[in-house]
Engineer: 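Below are the structure tokens for one structure; questions will follow.
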Amino acid sequence: MELNKYSKTVTQDPSQPAAQAMLHAIGLTRDDLKKPQIGIVSMGFEGNPCNMHLNILAAKVKKGIHETGFIGLQFNTIGVSDGISMGTPGMRYSLPSRDIIADSIETVVNAQSYDGLVAVVGCDKNMPGALMAMGRLNRPSIMVYGGTIASGMYKNQKLDIISAFEALGQKIAGTISEDDYQGVIENACPGAGACGGMYTANTMASAIEAMGLSLPYSASNPANSNEKTEECLVAGRVMKSLIEKDLKPKDILIQESLKNAFALITVLGGSTNAVLHFMAIAHAFDIPFTLDEFQQISDRTPFLADLKPSGKYMMEDLHQVGGIPAVMKMMLDNGMLNGDCMTVTGKTIAENLQDVMPVTEDQEVIKPLSAPVKSSGHIQILYGNLAEDGAVAKITGKEGEIFEGTACVFNSEFEANEGIGNGLVNKGDVIVIRFEGPKGGPGMAEMLKPTAAIIGAGLGTEVALITDGRFSGGTHGFVVGHITPEAQTGGVIALVQNGDIISINGVKNTIELKITDEELEKRRATWTPPELKYNKGILYKYAQMVSSASAGCITDY
């Protein structure tokens, strides 16, 4: 078979002399033009520790590709640092960046006629963006995760990025000094790598490894490690076999692969963002997947990991006890994974795990099945008059499973941050943050700053928070996000008033505003939607195009 079936369009067609002249200009010889061309997309940029080293890793991938006799050509796409933009208007660009990443990769690979793709990714939205592009392109592809950051240290206390967020709440509450506050900030992030707990980056890297689109150990190999460097070289070499076998993303990622991935995320206590991203990835791969699929998997899968944000350990600790393959082997041995799913190695999951030792009971990072953190999953899909199309809750059990309280309403995250700082939130409140959905935000910002302030102020088990926005993987506490319909489109969350009673039940999976139907209709009759916050630019376009959170916030439907 022809291995250069896409690139030959420009390299072998005698009617494309200008294209060939340009390729000679970048240093390719006549013989090189006969070889398959692999696009290497790096999300590397200097302004974010998650991404600062990715161009270096991409160069290692390129070396691995060239060792096989193929041609690797690097290009770049954008990224947004969630940690830096969090709590600012810049956070509105985070989720839209996922679709910009997917669009730009699709654009370059199609326009340049590349035969395959390697995506070198770091921060949260890089990964689903890359996979969405892989699904649309369906050319041999592999993802390389930039790896997790090392833990920080201050006064013999291990730190990570969430330590910095929660230090603000502690400072407001007066429980740490200004010097210690600065000490945490200056020592939380020691260098390159994605945020160290089971936050969204590590969640999605783990999920994609389980989906079969990255190499074993990709998710848990630390950013600054020999293992990560070797993985990059191997990923480059693997592209040759993927091209030769014509093994494409849609041959690998099927519905059972998605189920495997979400089961793993449930075991690990991963981010609620996975729900949005799985829906968008499923759409790109033409795989049927609904909110109900998540609930069914959550109902039958225990939560086992003692990982941050709700636990004490970090991804570097999981790596030391065998990494993601060791967890997957335990799951496979206990009937929790479908081992027949194909992977980029050309082998099935079961074949990849054949010689892997499962996590043992003499470590503390992953609890045994006999003593789970929670017997079912922490991610719960809730329905009720407050979320007719669904909402996503993160309920680990540590904060309880049922909460009923008095609504304390804010019309933006910024209002909420100010209100929490000024003591407007009391024990027993259900904090409502609205007009932060995909259209209303726009961009569906993450509510990490208010939840971290709540935890830091010692209210983590005393209040609940609901929003039509979303949550960082670093969030913990009794929280419900992705409420749909969102406030901007007239969802019931737009009609909540201060003092209303809100009931959240993580056992029955319900979320209810406890007012009469008559009162609800009376409020609806007098409500008018606010104007969009932007009238031009990417956020305006996003607000016009984006679907609801219950459909994954996709923009190509």
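The chain is numbered in sequence order, starting from 1. These numbers were taken from a predicted model, which means no experiment stands behind them.
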Engineer: Test of understanding: with side-chain contact (heavy atoms from CB on, under 4.5 Å), list the residues that count as partners of Ala274, not counting sequence neighbours.
Structural biologist: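 Result, side-chain contact (heavy atoms from CB on, under 4.5 Å) vs Ala274: Thr203, Met204, Ile265, Phe278.
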
Engineer: Can Glu231 and Ser218 be counted as having a side-chain donor-acceptor contact under 3.5 angstrom?
Structural biologist: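 There is such a pair (donor and acceptor under 3.5 Å, judged by atom type) between the side chains of Glu231 and Ser218.
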
Engineer: Is the Phe294 ring parallel, tilted or perpendicular to the Phe262 ring (thresholds 30°, 60°)?
Structural biologist: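 Taking Phe262 first and then Phe294, their aromatic rings stand perpendicular (interplane angle over 60°).
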
Engineer: Apply side chain to side chain contact (heavy atoms under 4.5 Å, CB included) to Val120 and Ile40, showing your working.
Structural biologist: CA-CA 7 Å; Val120 185; Ile40 308 164; 4.2 Å; yes

Engineer: Inspect the surroundings of NZ in Lys508 and state if more than 12 heavy atoms from other residues, nucleotides or ligands are less than 6.0 Å away.
Structural biologist: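 At most 12 heavy atoms, drawn from other residues, nucleotides or ligands, come within 6.0 Å of this atom.
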
Engineer: Who pairs with Tyr383 by side-chain contact (heavy atoms from CB on, under 4.5 Å), at least two apart in sequence or on another chain?
Structural biologist: Leu291, Asp292, Ile381

Engineer: Looking only at heavy atoms, what is the nearest atom pair of Ser7 and Asp115, with distance?
Structural biologist: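 Result for this residue pair: OG-OD2, 2.6 Å.
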
Engineer: Hey, does the side chain of Thr467 reach the backbone of Arg434 with a donor-acceptor pair shorter than 3.5 angstrom?
Structural biologist: no

Engineer: Please check this pair: side chain of Asp160 against backbone of Ser163, looking for a donor-acceptor N/O pair closer than 3.5 Å.
Structural biologist: yes

Engineer: Under the criterion side chain to side chain contact (heavy atoms under 4.5 Å, CB included), I'd like the reasoning laid out for Met314 against Thr148: C-alpha separation, chi angles, the key distance, then a yes or no.
Structural biologist: CA-CA 9 Å; Met314 294 168 54; Thr148 188; over 6 Å; no

Engineer: Please walk me through it: do Thr266 and Thr301 pass side-chain hydrogen bond (donor to acceptor under 3.5 Å, both in side chains)?
Structural biologist: CA-CA 7 Å; Thr266 304; Thr301 308; 5.1 Å; no

Engineer: Is the backbone N or O of Asp500 less than 3.5 Å from a side-chain atom of Lys514, with the two atoms forming a donor-acceptor pair by type?
Structural biologist: no

Engineer: Please confirm whether the backbone N or O of Val546 pairs with a side-chain atom of Lys439, one donor and one acceptor, at under 3.5 Å?
Structural biologist: yes

Engineer: Can you tell me how far CE of Met132 sits from CZ of Arg98, rounded to the nearest 0.5 angstrom?
Structural biologist: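 These two atoms lie 4.5 Å from each other.
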
Engineer: Quick test of your reading of the model: are Lys541 and Asp99 salt-bridged, counting only N-O distances below 4.0 Å?
Structural biologist: no

Engineer: Between Arg524 and Asp517, does any NZ, NE, NH1 or NH2 come within less than 4.0 Å of an OD or OE carboxylate oxygen?
Structural biologist: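 Result for this pair is no, no salt bridge flagged.
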
Engineer: Would Phe75 and Val109 satisfy side chain to side chain contact (heavy atoms under 4.5 Å, CB included), going step by step from the backbone distance to the final call?
Structural biologist: CA-CA 10 Å; Phe75 64 100; Val109 172; 4.1 Å; yes

Engineer: Run the side chain to side chain contact (heavy atoms under 4.5 Å, CB included) test on Leu57 and Lys228 for me, step by step, so that the C-alpha distance in whole Å, both residues' side-chain angles and the decisive distance to 0.1 Å come before the verdict.
Structural biologist: CA-CA 8 Å; Leu57 297 184; Lys228 184 56 67 178; 4.1 Å; yes

Engineer: Using the test ring pair (Phe, Tyr, Trp, His ring centres under 6.0 Å), find all partners of Phe403 that sit at least two apart in sequence or belong to another chain.
Structural biologist: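 Applying ring pair (Phe, Tyr, Trp, His ring centres under 6.0 Å) to Phe403 gives Phe478.
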
Engineer: What's the shortest heavy-atom distance between Asn48 and Ser81, and which atoms?
Structural biologist: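 Taking Asn48 first and Ser81 second, the nearest heavy atoms are OD1-OG, 3.0 Å.
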
Engineer: Is the Tyr542-Tyr93 ring centre distance short of 6.0 angstrom?
Structural biologist: no

